[in-house]
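Worksheet: the structure to be examined is printed underneath.
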Amino acid sequence: MKDSKRSLELWAFLVPALLILVVFYFLPTILTIFISFTPLRNWNIDRYARIFAGWRNYYRLFYAIQNDPSVRAVFLTTAVFVPVTLAINVLGGLALALINFFVGKRSNALINTIWLLPRMTPIAVYSLVWYYFFHGSEIGTLNSILIKLGIIHRAVSWGQEFLPYGAWSVIIFVNGLVGVSFGMIVLSSAVKSIPTEHIIAARVDGATDWQLCRRILIPQIRWHIMYVATWQLLSLLTSYAHTYLLVSWRLVDKSYGTPWALYVYELAFTGVFDQGLAAASGVFLVIVGAILGWLTLKILGFNKLVTEPRGDL
Amino acid sequence: MKKFFVFLLVLVSVLMFAKSLEEGIIEVGRNLEKNGISEVRYSVWSSGDPNSVIRVQGIVEAARRINNIWSKNNIKVKITIRETRYELDFTQMYQEFLSKQPLGTAGDFLVNSYVYIASLAEEGYLLDISKYASKYSNFMADFYTTQVDAARYKGGLYGLPQDTEARPFYIRRDIAAKVGLDLIDLDKKVAEGKFTWLDVYKWAKETVNKQASEWGLIHRRGTAHPDLMQFILAFGGTLYDSKTNKLVLDVSAVYKWLMIEHVFSKEKLLPSDMMAWDWAKQVHPAIVDGKTLFDIGGTWYWTEWQTKNYYTDPKTGQTRGLTPEEVKNWFYYTLFPAGEPGKKPVTLSQPFMWMISSKAGSQNPKYAALKETYDELAFLVVAMASSSDINAIHSIISAHLPVSQQAAKLLADEKWLTDLYNLNIDLDDSVKTVLRDIVKATVHPINAKFLTDVAYMLEYTNFPPMHPMYPKLAAIFAETVDNVLRGRMTPDKAVEFVIGKINADLDLKQNILIVGQIPADWRFGD
Amino acid sequence: MVTGDVETKGRIKEIFYLGVLLALSAPILVVFVLLVISSFGNQMATNFDFSAFRFTLKNWRLLFEGRMAITGGVRENIWLHFLSTAVVAGGVAFLTTFVGALTGYAISRIKFKGRKILLLSMLLIHALPGSVLIVGVYFLYRVLMPQNLVFIRYFSFFYVILARAALEVPLSVWLMKGFFDLLPWETEWSALVDGASRFLVWRKILLPLIKPGIVAVLIFGFLAGWQDLIYVRTFLIDRTLATFIESNLETEMAYMPLLAAAATFYLLPTIVFYISSQQLLFKVYAGGIRR
């Protein structure tokens with residue numbers, strides 16, 4: 001009797017999440033795989049959902065990857081974009097969270113708000129402000145500052161000159177800022193939740209800020225750091241939105257400003273709304289993402305971190 | 001005598017058309033009343049520049065006119081427009097329509113570029129109105145046939161023309177005078193193919209060498225569609241093959257176009273970062289401040305320069321809009337010149353269409369049983385919205401060209417223009433409220449004259465291909481032009497790049513014919 | 001004497017940290033300050049050349065009249081957009097936090113079969129991007145939607161909130177699990193031994209203790225709903241501020257200072273929401289030792 005009550009309780013805790021998993025992930029994933037074998041386009045489910053297209057969508061995707069002259073640039077860009085942005089996201093978020101810990105709450109709120117702005121801004125507006133910031137003429141904010149300071153003498157097209165590094169720097173910078181706030185919020189909330197006794201104890205022992213970080217804070221929030229890293233990795237692999245407008249407004253060079261996710265998005269979701277192809281490339285992307293995510297968890301020690309709960313009575 | 005007959009003919013046809021549309025409206029109204037329907041609710045979606053609000057308000061006005069006809073005939077039915085949605089970005093509106101039409105939650109009426117008819121009609125999202133077009137053939141007769149034909153797709157008719165435009169080639173009069181470019185009858189020389197891009201190059205170079213202006217040429221930024229496609233046509237190339245229903249990559253014409261971009265950029269007649277210029281801060285100010293001799297523009301620039309503060313007044317240092325007189329005195333306009341001797345001048349139109357969702361009115365009672373009636377009513381609403389006065393108002397306030405003969409006539413009518421300026425015309429009050437400030441800013445005899453003057457360009461016009469794959473090809477062109485202007489690719493490398501891109505995409509490969517080759521002995525520039 | 005010395009040292013150190021932080025934040029500050037300035041100007045302020053720049057309230061006036069152009073354009077009810085944005089954002093925030101707190105607790109505290117798999121899959125499903133899932137989610141919507149337009153309108157809110165919240169659930173589950181893990185087992189042990197139900201313990205004892213976590217998850221949920229574009233655009237009948245701005249930001253025609261005003265207006269509630277939730281945090285931790 002007690003057992004059934006306990007299991008009922010367990011279900012009560014899990015049912016909402018399981019429902020969401022099934023309805024909004026499991027079913028759509030099955031449908032996506034299904035759609036990847038249909039010629040679905042323009043949202044016309046009535047017409048195309050029952051037509052079987054075989055491997056055609058996958059074939060088209062690989063054909064494009066194989067034959068498109070800019071695709072090498074796209075892969076190179078992804079190989080640079082994802083790890084560098086990830087490093088900026090995680091380290092930046094961690095650094096902000098730790099410094100936050102040591103400054104007063106007022107400045108804390110101020111800094112946090114500033115760093116949240118990129119995440120809060122509608123994507124088009126966010127792209128617009130950086131468009132003006134990096135604009136390659138005298139109207140560009142960065143150019144005008146550097147010219148005033150006498151560092152450069154003519155306007156520089158940041159995203160178009162010094163290829164590929166110029167384009168990479170711009171997209172990494174713009175995307176990096178969005179991700180930092182994620183790490184910052186998660187990690188500083190985690191730091192705040194560390195039982196204060198641990199910190200008092202360390203302070204009493206005369207630990208400096210740096211020692212406190214290394215010995216107490218970082219080890220205590222390892223779980224969160226690992227989580228942020230994996231989560232951001234997957235986010236970056238699939239993110240295109242913050243780059244899309246910068247490329248289409250020609251602020252950055254197209255070949256070296258296009259990460260893989262954006263390439264796939266453009267293939268599938270602009271112009272012809274080829275949702276069959278979108279689904280195929282999505283399935284492909286998901287597989288790669290899942291493998292990378294799993295590897296990251298392995299490397300960061302997922303098993304060690306998932307301790308058995310003591311909550312069983 | 002001849003004039004009189006024309007007048008009589010017009011009068012008769014007007015009477016006939018008015019009557020037959022009205023008859024249809026009464027018939028449909030009676031039918032609805034008989035079936036116990038007292039209100040029909042519609043929503044209209046449209047997009048474009050802020051002055052083109054007639055694209056939604058026209059439907060509001062049409063509903064009022066139909067309601068008037070019904071109440072005059074004692075029919076107790078009325079149309080209510082429950083939603084008027086107007087946005088600036090027409091591609092986003094198209095995307096939203098695509099996703100919501102199958103759900104039945106999209107607008108019942110949509111005004112958008114005719115190029116979308118291909119995909120929308122292909123998916124069955126639009127109502128085929130050819131049946132009603134033949135039923136009300138008198139009404140249809142007033143439209144310019146070429147513009148109506150642009151709405152045909154695979155044997156069906158999927159829209160009524162809402163507006164069209166030409167893309168004038170603007171020339172600064174003051175700069176032309178400085179370097180001695182004679183503008184008298186230049187438009188005729190262009191039309192005869194005697195003034196070509198070879199001359200454009202010569203004068204642009206002269207201007208920049210003499211420092212009469214900073215640049216020789218300015219054009220659209222960001223995309224190659226639609227303006228720059230004129231180069232392909234001006235070199236006698238084509239973009240579409242109607243026999244095979246395939247797009248065409250005309251290698252020779254594309255090469256020549258890219259060579260012009262290359263030479264102009266190399267000799268600093270055209271900014272190498274042109275494709276990344278900012279519209280409001282660079283492109284338009286450069287043109288109105290007199291920093292370029294030539295500009296590849298569009299008819300709507302004419303009023304845009306008046307309603308937006310692009311011009312920096314040297315006297316005050318402040319930005320302001322130009323007056324109609326200034327625009328007229330500063331800018332000369334011609335067709336887009338032929339690419340080289342022996343070729344023809346061109347222009348390009350991208351007409352906007354009134355389209356009707358195939359589910360128009362589906363939120364109304366007894367839709368399934370009365371679908372025929374609702375479909376016809378939807379057509380009649382759009383037909384009413386195409387009334388010549390509504391179309392003429394749209395043309396003058398947004399600097400687009402009218403799509404019917406009657407509307408074109410109204411534009412030449414000074415009294416009508418004055419009445420419009422004072423809003424002494426028969427329009428719904430809500431429409432008047434929306435139009436009030438636009439009318440004050442744009443209705444001017446000079447602007448009306450401009451529209452009448454450029455109307456001849458429609459005889460030279462081309463339409464971008466209505467093909468589902470065209471946006472992809474246009475995107476490749478845009479990237480290529482950017483690369484050529486920045487000096488990253490020579491024209492022959494660029495052509496190779498385009499072909500490579502096409503062959504890498506199976507859809508494009510199947511849908512594009514690559515014809516011709518790079519002309520070996522063709523030279524441009526010094 | 002000694003304590004005073006330590007305090008001065010502490011203050012210098014804090015000023016130093018703050019300086020570093022502000023320097024790092026400089027680019028963000030610059031672009032957003034310029035955005036706000038532009039919203040009060042006759043042109044976009046981008047390059048510190050203010051010679052033709054004039055201060056004006058016109059943009060804001062036009063915005064509250066619901067217009068997106070100086071001349072022309074139709075009038076829109078901006079407050080209605082505001083309301084629908086708030087409904088979506090609030091709904092997503094609440095739902096993600098609720099589900100996250102329940103599941104996070106179960107994973108952290110209860111032994112059950114498939115616990116590790118559940119946790120792992122909660123991370124790996126993040127590899128399923130919203131832009132891919134949306135086609136399948138659309139399929140379902142098609143099947144589930146009511147026919148009556150009035151009902152569709154409410155249903156579309158309901159569905160958008162659910163679908164958008166679903167994308168944030170993995171995040172909230174993981175965060176919540178992390179926060180529950182930080183609490184020592186003793187916190188609830190005695191209550192459970194006394195026979196209280198887990199649900200009661202969860203609600204009365206544990207939730208109040210992880211307020212920072214709840215706030216963090218609420219913020220993420222709220223922001224996700226507030227700025228979502230693709231789900232809202234596809235399913236919702238009404239418009240939100242984000243879709244309203246997005247569909248009017250068109251580089252060729254748009255009057256940018258007006259959009260700057262719209263963007264600033266859009267940002268204000270999130271900033272207020274964020275700062276007030278921070279205040280809540282500080283109240284909880286007022287007695288805690290920081291330095």
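To find a chain, count down the sequence lines: A is the first, B the second, and so on, and within it residues start at 1.
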Any side-chain heavy atom of [X] within less than 4.5 Å of one from [Y]?
{"X": "A:Leu40", "Y": "A:Ile45", "result": "yes"}
{"X": "C:Tyr231", "Y": "C:Ile134", "result": "yes"}
{"X": "C:Leu118", "Y": "C:Val173", "result": "no"}
{"X": "C:Met122", "Y": "C:Lys177", "result": "no"}
{"X": "A:Val191", "Y": "A:Gln220", "result": "no"}
{"X": "A:Leu177", "Y": "A:Tyr126", "result": "yes"}
{"X": "C:Leu18", "Y": "A:Phe102", "result": "no"}
{"X": "C:Leu259", "Y": "A:Val125", "result": "no"}

May I ask you to name which of [options] has the most heavy-atom pairs under 4.5 Å with chain C?
{"options": "A:Trp231, A:Trp249, A:Tyr25", "result": "A:Trp231"}
{"options": "A:Leu237, A:Thr121, A:Val180", "result": "A:Thr121"}
{"options": "A:Phe133, A:Trp115, A:Tyr131", "result": "A:Trp115"}
{"options": "A:Gly289, A:Ala261, A:Pro118", "result": "A:Pro118"}
{"options": "A:Leu292, A:Leu19, A:Asp46, A:Ile147", "result": "A:Asp46"}
{"options": "A:Thr238, A:Leu285, A:Val286", "result": "A:Val286"}

Could you have a look at [options] and say which one has the most heavy-atom pairs with chain A under 4.5 angstrom?
{"options": "C:Ala262, C:Ala242, C:Ser25, C:Gly136", "answer": "C:Ser25"}
{"options": "C:Phe220, C:Phe48, C:Trp226", "answer": "C:Phe220"}
{"options": "C:Asp228, C:Ile15, C:Leu175", "answer": "C:Leu175"}
{"options": "C:Ile271, C:Val30, C:Ile210, C:Val169", "answer": "C:Ile271"}
{"options": "C:Ser38, C:Ala45, C:Gly100, C:Pro27", "answer": "C:Pro27"}
{"options": "C:Leu124, C:Leu229, C:Val20, C:Thr243", "answer": "C:Leu124"}

So for [X], is it side chain, backbone, both, or neither that comes closer than 4.5 Å to the heavy atoms of chain A?
{"X": "C:Leu133", "result": "both"}
{"X": "C:Val217", "result": "neither"}
{"X": "C:Thr251", "result": "side chain"}
{"X": "C:Leu241", "result": "neither"}
{"X": "C:Ile125", "result": "both"}
{"X": "C:Leu128", "result": "both"}
{"X": "C:Leu171", "result": "both"}
{"X": "C:Leu249", "result": "side chain"}

Which answer fits [X], side chain, backbone, both or neither, if we ask what part of it has an atom under 4.5 Å from a heavy atom of chain C?
{"X": "A:Leu142", "result": "neither"}
{"X": "A:Ala12", "result": "backbone"}
{"X": "A:Trp43", "result": "both"}
{"X": "A:Phe182", "result": "both"}
{"X": "A:Leu234", "result": "both"}
{"X": "A:Ile139", "result": "both"}
{"X": "A:Leu128", "result": "side chain"}
{"X": "A:Val288", "result": "neither"}
{"X": "A:Leu27", "result": "side chain"}
{"X": "A:Ile35", "result": "side chain"}
{"X": "A:Leu18", "result": "side chain"}
{"X": "A:Ser235", "result": "both"}
{"X": "A:Phe173", "result": "side chain"}
{"X": "A:Leu233", "result": "neither"}

Taking only residues two or more places apart in sequence or in another chain, which ones pass ring pair (Phe, Tyr, Trp, His ring centres under 6.0 Å) with A:Phe13? C:Tyr105, C:Phe199, C:Trp202

Does any N or O in the side chain of [X] come within less than 3.5 Å of the main-chain N or O of [Y], such that one atom is a donor and the other an acceptor?
{"X": "C:Arg115", "Y": "C:Ile107", "answer": "yes"}
{"X": "C:Ser108", "Y": "C:Gly104", "answer": "no"}
{"X": "C:Arg198", "Y": "C:Ala106", "answer": "no"}
{"X": "A:Ser127", "Y": "A:Leu245", "answer": "no"}

What's the shortest heavy-atom distance between C:Glu250 and C:Met256, and which atoms? O-CE, 4.2 Å

If you take all heavy atoms of C:Thr96 and C:Ser172, which pair is closest and at what distance? O-OG, 3.0 Å

Heavy atoms of other groups near A:Lys148 NZ, more than 12 under 6.0 Å: yes

Should the heavy atoms of other residues, nucleotides or ligands under 6.0 Å from CG of C:Leu268 be counted, would the total exceed 12? yes

Is it true that the side chains of C:Asn47 and A:Asn143 contain a donor and an acceptor less than 3.5 Å apart? no

Strictly under 6.0 Å, is that where the ring centroids of A:Phe24 and C:Tyr159 end up? yes

